[in-house]
Every structure is written in structure tokens, then in C-alpha cells.
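Order of appearance sets the numbers: ligands from 1, and atoms from 1 within every ligand. Position 1 is the first residue of the sequence, and the numbers go up from there.
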Amino acid sequence: MTRDTIFRQPRHPVPAFEFNEEVAAVFDDMIHRSVPLYSEIIRRQAQLIRRFYRPETRIYDLGCSNGNLGMAVARQFGESLFQMTAVDSSAPMIDRCRRRLSGENARDHIRLVCDDICNVPLENAGIVVINFTLQFLPMDQRDRLVTAVCAALPPGGLFLFSEKIKDARDEVTDLHMEFYHRFKKENGYSDLEISQKRDALENVLIPETTDDHLQRIKRAGFSGMDLWLKWFSFCSWICFK
Ligand code: GEK
């Protein structure tokens, strides 16, 4: 795993965050040190997918980055058949994903698509996953995409998603930020790295409240949802059509 040192040196001005070659090269280290319980989220989602997968349907991972979920799903299925489409608009991420999968027998089951997740038809979808990616879309696209996900799923189909959230109460948001800062420091990021990354993500990652997500899920037509994991500002949900 290549160490993420992108924001170690002072940058003037701090450039807006992009999923470019520089980020793709250190992505695994970055996500593990920046998303609390990341491995737990991926492992449990892969188990949920295995538990609810219906043969002949397709799993979609929208915003797949370098393919950690695909790798975990492949491990869960072992020799059993599954079909998955993993989508990301960053060519360096998809290239890395392709290289990682090339050594696994999962490569035959996972189709990689380099495109905007809003453009990809969700054909024969049984389970759709969007981890930490809705937060990068313009608001109107979030509504349209979640509605399209629900429409594409059969009754009983599953939508799993994770997001960084904000709280409607400023003091709770402040508490979340304080403990997130603490988490990143414990993982070896300096105060400068933490503050420059925060500046880079300003106006790029736009978080919403858990209630915003609940309302969108209801509007889209899902019959139920459960917030199965929450760590301060990091949330993972399971939604049933
Ligand atoms: C994981 N889910 O490891 N269309 C396609 N891809 C996009 C778009 C878009 N409109 N916007 C952003 N991305 C992964 C982690 S990372 C989250 C997801 C993070 C892609 C972007 O290129 C990046 O790879 C991913 O979404 C977000 O569980 O780094 O905070």
C-alpha cells in the first residue's frame, strides 16, 4: 500500500480535490486511514450481498474506485457464480481496479465501466451499492440517481449506500468533526494534512443529514431502510424495495 502524503507539504492555494492519478496511486492507504470502519463496511456489505443475491441478477457498485468491494464480493462467492458491474468516472481508478482483478478469477464476473454513474443503465439489477459517492454529485443528480436505482430493482431488491453526513445541530456537527480529526491524527495524519484535505474537499464533497437521506429514500419508493452502521459522521444504510 503506497502511503498517502498528498497534503503533507503546504500547498498554496490548496487545489480542489480530484480523483486523479496522484490520488488513485495512494487510494487504498487514504481510504483506510480516512474512513472509520472502512474494512468493516466492505466486509459486511459483501456478506449482505452474498446473503441476498439472486442468481442471474447483476450487482452494481457505483463509484467503485479501485475495486475493494468487488474483491470482497469475489471472496464471499468463491466458486459460486455472480455478475457484477463496477463503475467509476476516474480512469486511473478503473485502471487500478482492472489490474487488481486481473489476478483473481473474479475478473470473469466483474465488468468494469469508466463513466459517470448517472449515465449507466442498471440492467437486470438485483443489488446496487453506492459507497461514499453520492456525496460528490450535484443535489438534483442524487435524487434522479436514487430514484433510478429504486426503479431498476425488483421487489425485494437491495440498495446499500454509505455517506459522510452532517448534523442539523451545529454542536453535534462540531463534535463529529472533533472526533474525526482525532481519528485521522491517530492514523498518522498531521494537523496540516487534515486541514489541507478539508480545504480541498470544500464544495467538492457536500454532505447531507441522515434525515435528508431518509426523505430521498422514501421519495424514491423504497419500502424500508435501516441505518446499520454509524460512527459520528460516517453512515451505512441498507434499503429494501
Ligand atoms: C469504496 N466506493 O472503496 N461518476 C462515477 N464515479 C464518480 C462520480 C461520478 N459522477 N463522482 C465521483 N466518482 C469506494 C469509495 S470514493 C470515496 C468511493 C472517497 C468516483 C470517484 O472517482 C471515486 O473513485 C469514488 O467515486 C469516490 O468503497 O474517496 O471519499
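Heavy-atom proximity to D115, at under 4.0 Å, picks out these atoms of ligand 1: 4 (N), 5 (C). Every atom of ligand 1 with a heavy atom of M93 under 4.0 Å away is listed here by number and element: 24 (O). Under a 4.0 Å criterion applied to the non-hydrogen atoms of S90, ligand 1 contributes the atoms 22 (O). Below 4.0 Å from some heavy atom of N131 lie the following atoms of ligand 1, by number and element: 2 (N), 14 (C), 15 (C), 18 (C), 28 (O).
Residues D191 and K185 are paired through a salt bridge, judged by an N-O separation under 4.0 Å between the basic side chain and the carboxylate. Taking a cutoff of 4.0 Å between a charged side-chain nitrogen and a carboxylate oxygen, R142 and E208 qualify as a salt bridge. R33 has a carboxylate O that lies under 4.0 Å from a charged side-chain N of D29, or vice versa, which qualifies the two as a salt bridge. With salt bridges taken as basic N to acidic carboxylate O contacts below 4.0 Å, none links R99 and D95. By the 4.0 Å N-to-carboxylate-O rule, R44 lies close enough to E40 to be salt-bridged with it.
Compare S34, A24, S65 by their heavy atoms: the one nearest to atom 15 (C) of ligand 1 is in S65. Among Y38, F27, F132, the residue whose heavy atom sits closest to atom 3 (O) of ligand 1 is Y38.
Only the side chain of I42 comes within 4.0 Å of ligand 1, counting heavy atoms alone; its backbone N, CA, C and O stay farther away.
Of the polar atoms of N68, none of the N or O atoms is found under 3.5 Å from an N or O of ligand 1, judged by distance alone. Of the N or O atoms in L137, none lie within a sub-3.5 Å distance of an N or O in ligand 1. Of the N or O atoms in G63, one or more lie within a sub-3.5 Å distance of an N or O in ligand 1.
When the shell of 6.0 Å around CD of E56 is examined, it contains 12 or fewer heavy atoms from other residues, nucleotides or ligands. Within a 6.0 Å radius of NZ in K166, no more than 12 heavy atoms belonging to other residues, nucleotides or ligands are found.
Shortest contact from atom 4 (N) of ligand 1 to any protein heavy atom: I117 N, 2.9 Å. At the shortest separation from atom 9 (C) of ligand 1 among protein heavy atoms lies S89 OG, 3.6 Å. For atom 12 (C) of ligand 1, the nearest protein heavy atom (residue, atom name, distance) is T133 CG2, 3.9 Å.
Judged by distance alone, with hydrogens and angles left aside, the side-chain atoms of Q196 form a donor-acceptor pair with the main-chain N or O of F7 at under 3.5 Å.
Proximity of D88 to ligand 1 is established by a heavy-atom distance of less than 4.0 Å.
Looking only at atom types and distance, the side chain of Q45 has a donor-acceptor partner in the side chain of N131 under 3.5 Å away.
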